[in-house]
Amino acid sequence: MSEQDFNDFEDRLAAMRPAEPSPEIKRRVAESLEADRGHDNRPLIFRRPLGIALTVAAAIVFALVLLPFIGQISLRSPVAVDPAPSVPGSEDESVTPDATPNHAHPIRPTLLVMHQALRQSPEALDELIDRSGQLALAQDSSTPQPVPIAAEMWQWVHREELQ
Amino acid sequence: MDEPDMDWQAWYDWHGRALLLFVRQFTSSLAEAEDAMHDGFIRFWKRREQVDDPLAYLYSAVRSAALDRRRAEGRRATRELEYAQSPSVSSTPPWQHAAKDEGEQQLRLALSNLPEAQRELLVMKVWGGLTFDQIAVATDTPRSTAAARYNAALVALRDTMPAEEHTS
């Protein structure tokens, strides 16, 4: 069977047109698709692609709303290391700028102060720590301490300069 | 022809005839064929955007629906036997009945002489307009196998059809 014979025979078969389906089938298909379309009228959020996008967007907004609060909690943390100790009630303005008040923990010397004491000598640092400990105990006993610890710290730090 | 923006009516009107002829060969009655065509078309329309080749999937879905019905029909063989023995039924195969005109009757008569595997390929290729690649997808067979079966179907059909039905 040649290729031309094949093509001719195919054309003859194609001309023998199959019967048209019953209109009933088309009507049933229309009803079924309509029923599915109604069933698919779910809230927009549940349609998969848009739902995913909206969920992600909501998560981002939620995170952005919470982020400032998380930051504030960190800022208010009592474990602050920068400020220098200050005695409650002390308003000694002679306090060196280095010994900035530690409002969270007035007795604890700042790292800067301790570093400066260590630069002088290890013994100076020990003395500073002991002093701050004694002051902490004294304050815990609810006995007011009129000693301006910040000023005294400053004196410890700048002992050499003073001498 | 198969534009992605076609609505379901356009798909149905264009492929309905070939689809019914296609699914008819898997079923024992016109009613079952129509049911399978309905089920398969619905399945196709719901998932057409998720497949690479919608036309191949259309025939695959209709074919699967027809085969599912055939498998579910536990008493199909008994029905066919009873149907064939019915005095009101002629000796022609059941799926040839309900032909609308003489041309269609001749068509179905010619196809009935072919094995099912060849018959479905022939219908998809000649009346469905599918390529061999699409037929391979729809029937889950290698392309070369589909082409070979199609050629064999043409040869067999040409041999069985009356001489006046074709020119050589």
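Computed from a prediction, not measured in an experiment: that's the story for all the values here. Residue numbering restarts at 1 for every chain, and letters A, B, ... go by the order of the sequence lines.
- Clustering of Ile, Leu, Val, Met, Phe, Trp and Tyr side chains at separations under 4.5 Å leaves B:Val137 isolated, with no partner residue.
- Residues B:Lys125 and B:Leu130 approach most closely at CD-O, 3.2 Å, considering heavy atoms.
- The interface of residues 34-43 of chain B with chain A, defined by heavy-atom distances below 4.5 Å, comprises B:Glu34, B:Asp35, B:Met37, B:His38, B:Phe41, B:Ile42.
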* Stepwise salt bridge (charged side-chain N to carboxylate O under 4.0 Å, His left out) check, B:Arg69 with B:Glu32 -> CA-CA 8 Å; B:Arg69 285 187 167 271; B:Glu32 283 189 16; over 6 Å; no
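- Note that CH2 of B:Trp127 and CG of B:Leu21 are 6.0 Å apart. Values are rounded to the nearest 0.5 Å.
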Show me the donor-acceptor pairs, under 3.5 Å and distance only, between side chains in residues 146-156 of chain B and residues at least two apart or in other chains.
from     : atom 1 : to       : atom 2 : distance (Å)
B:Tyr150 : OH     : A:Glu10  : OE2    : 2.0
B:Asn151 : ND2    : B:Ala147 : O      : 3.4

* Asked: Is there a side-chain contact (heavy atoms from CB on, under 4.5 Å) between B:Val23 and B:Arg63 once you walk through the steps?
  -> CA-CA 6 Å; B:Val23 76; B:Arg63 183 175 185 269; over 6 Å; no
* Asked: Step by step, would you call A:Phe9 with A:Leu13 a side-chain contact (heavy atoms from CB on, under 4.5 Å)?
  -> CA-CA 6 Å; A:Phe9 188 57; A:Leu13 289 177; 3.7 Å; yes
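- In this structure, B:Met6 and B:Trp45 approach most closely via the heavy-atom pair O-CH2, 3.3 Å.
- Of all residues spanning residues 26-33 of chain A, those with a heavy atom less than 4.5 Å away from chain B's heavy atoms are A:Lys26, A:Arg28, A:Val29, A:Ala30, A:Ser32, A:Leu33, arranged by number.
- A donor atom on one side chain and an acceptor atom on the other are not found under 3.5 Å apart for B:Asp13 and B:Gln9.
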